[in-house]
Amino acid sequence: MKRTIEKPLLKSLALMASIIEARDAYTGGHLWRVSQYAAQLAEKGNLPADMVFLARLGGFMHDIGKVGIPDGVLGKRGRLTPAEFQIIRTHPGIGAMLIQEHPLGDLALQAVHQHHEWVDGRGYPEKLQGEAISILARIVSIADAFDALTSSRPYRSRVFTDAAVSALQIERRTQFDSQLLDTFVGLAASGALDDRVGHSEWGVALVECPNCGPVITINRDTRDGDTAVCRVCGSKHRLHRQEDGFAIEPLETAATADELKPRAEVHSIDELVRQAPAWVDI
């Protein structure tokens, strides 16, 4: 069935997803990176152009359900208890519930609801197995896991690409589709992922708070000498341009309430909308 994509509606859907990055300071750029990896994997896997776009959209939307997870669980620094992990496991269902009434929500519904399913049937929330899992969700699953490993989290530091790929390969045929994983490993080995890893958008390397660790959100409009704030500890910093990133200079002044307000990932969203086809076949 062909579905027309109205770009204002698509933008409103993507803005919904950006709420989670406004809540969770450790995931700065996560949606953009997973979206990029998913699209690369779909394209390298020779999927049609409209499916490549749906993989891109699914990657951007996949974690929207985390908006319903309590802060104490979402940002916990230590290992989750079994009860807390059960709470985390509700986020795919929450995400599906949030977007299913949106006029374009069905375009991302499978990726949102199924991206934690495992091909051996041990995933969640439905314990789907093999090809019962949408190919879009199988793609996003790999992209999401790779980005989780190569990004810092409250409970651990990030690892480099080679180590992340090795960790993914341990779960071939259990968590991940083996054919798709082989394709992704090839992308990583070729260096095709390098300009996305550790970046929050094109040409913007991640900056981490020197006081408490999470990502300090900056974007491509940030200039040498601008200030940035950590939304976790409230510290304020001067940014000094350094190659494709910034060196960070802590300041003695604390951030104001206005400076601590979250901002939507407007560049990433505008890029997603610009790349949308006029229609997709679903």
Side-chain angles (χ1 to χ4, degrees), residues 16-31 33-34 58-101 105 108-130 132-134 136-159 163-164 167-168 170-177 208-209 211-215 217 230-234 260 262:
M16 290 172 63
S18 71
I19 293 171
I20 185 57
E21 290 200 344
R23 281 197 64 207
D24 186 357
Y26 279 88
T27 59
H30 175 64
L31 303 184
R33 291 189 300 275
V34 174
F60 198 84
M61 298 297 303
H62 74 286
D63 265 349
I64 185 173
K66 285 186 176 178
V67 72
I69 304 301
D71 289 339
V73 176
L74 192 62
K76 185 175 179 179
R77 287 182 175 268
R79 182 181 295 274
L80 295 177
T81 67
E84 290 167 337
F85 186 61
Q86 289 303 314
I87 293 172
I88 285 288
R89 286 165 65 106
T90 65
H91 81 268
I94 294 170
M97 176 189 68
L98 288 173
I99 69 171
Q100 65 185 357
E101 297 301 324
L109 192 61
Q110 290 178 320
V112 169
H113 198 220
Q114 298 177 4
H115 69 279
H116 281 293
E117 299 288 358
W118 288 26
V119 295
D120 69 356
R122 293 187 297 120
Y124 63 89
E126 304 291 341
K127 297 190 179 298
L128 300 178
Q129 189 171 3
I133 306 166
S134 160
L136 295 171
R138 282 179 272 148
I139 287 170
V140 171
S141 173
I142 293 170
D144 182 36
F146 175 77
D147 191 62
L149 290 165
T150 54
S151 304
S152 294
R153 289 292 186 267
Y155 45 86
R156 57 153 178 78
S157 298
R158 70 187 185 95
V159 302
L168 296 182
I170 292 171
E171 301 297 345
R172 63 183 304 108
R173 297 190 181 91
T174 53
Q175 185 172 354
F176 305 118
D177 181 300
E208 295 180 353
C209 176
N211 294 341
C212 66
V215 170
T217 302
C230 175
R231 293 184 55 247
V232 175
C233 68
L260 290 169

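Keep in mind that the numbers below use all heavy atoms, side chains included, and drop hydrogens, waters and symmetry copies. Predicted, not measured: the structure shown is a model, and the values here were computed from it.
You'll find the side chain of Ile94 stays beyond 4.5 Å of the side chain of Lys66, heavy atoms only. Leu80 is not listed as a side-chain neighbour of Ile87, based on a closest heavy-atom distance of 4.5 Å or more.
The distance from the NE2 atom of His115 to the CD atom of Gln110 is 13.5 Å, given to the nearest 0.5 Å. Here the straight-line distance linking atom OG of Ser151 with atom CD of Glu208 works out to 9.0 Å at 0.5 Å rounding. For the atom pair NZ (Lys127) and CG (Asp120), the distance works out to 9.5 Å, reported to the nearest 0.5 Å. Interatomic distance, Trp118 CH2 to Tyr124 OH, rounded to the nearest 0.5 Å: 10.0 Å. Taking CG from Leu128 and NE2 from His116, the interatomic distance works out to 13.5 Å, rounded to the nearest 0.5 Å. Atom CD1 of Ile69 and atom CD1 of Ile88 lie 5.0 Å apart (nearest 0.5 Å).
Sorted by first and then second residue, the salt bridge (Lys or Arg N to Asp or Glu O under 4.0 Å) pairs involving residues 88-101 (not counting sequence neighbours) form an empty list.
Nearest heavy-atom pair, Ile19 versus Val67, reported as atom, atom and distance to 0.1 Å: CG2-CG2, 3.5 Å. Of all heavy-atom pairs between Ala164 and Leu149, the closest is O-CD1, 3.7 Å. The shortest heavy-atom contact between Phe176 and Ala145 is CZ-CB, 3.6 Å. Closest non-hydrogen pair, Val140 versus Ala111, comes out as CG2-CB, 4.2 Å. Gly123 and Glu117 get closest at one heavy-atom pair: C-OE1, 3.7 Å.
Aromatic ring centroids of His91 and His62 lie 6.0 Å or more apart.
Each of Asp147, Asp144, Thr150 was checked for a side-chain hydrogen bond (donor to acceptor under 3.5 Å, both in side chains) with Arg33, and the lone residue meeting it is Asp147.
With sequence neighbours excluded, the residues that form a side chain to side chain contact (heavy atoms under 4.5 Å, CB included) with Asn211 are Cys209, Cys233, Ser235, His237. Partners of Ile99 under the side chain to side chain contact (heavy atoms under 4.5 Å, CB included) rule, at least two apart in sequence or in another chain, are Leu13, Met16, Met61, Ile64, Ala108, Leu109, Val112.
Using a distance-only test at 3.5 Å, with no hydrogens or angles considered, no donor-acceptor pair links the side chain of Arg122 to the main chain of Thr174. Distance alone, capped at 3.5 Å, is enough to place a donor-acceptor pair between the Gln114 side chain and the Ser134 backbone.
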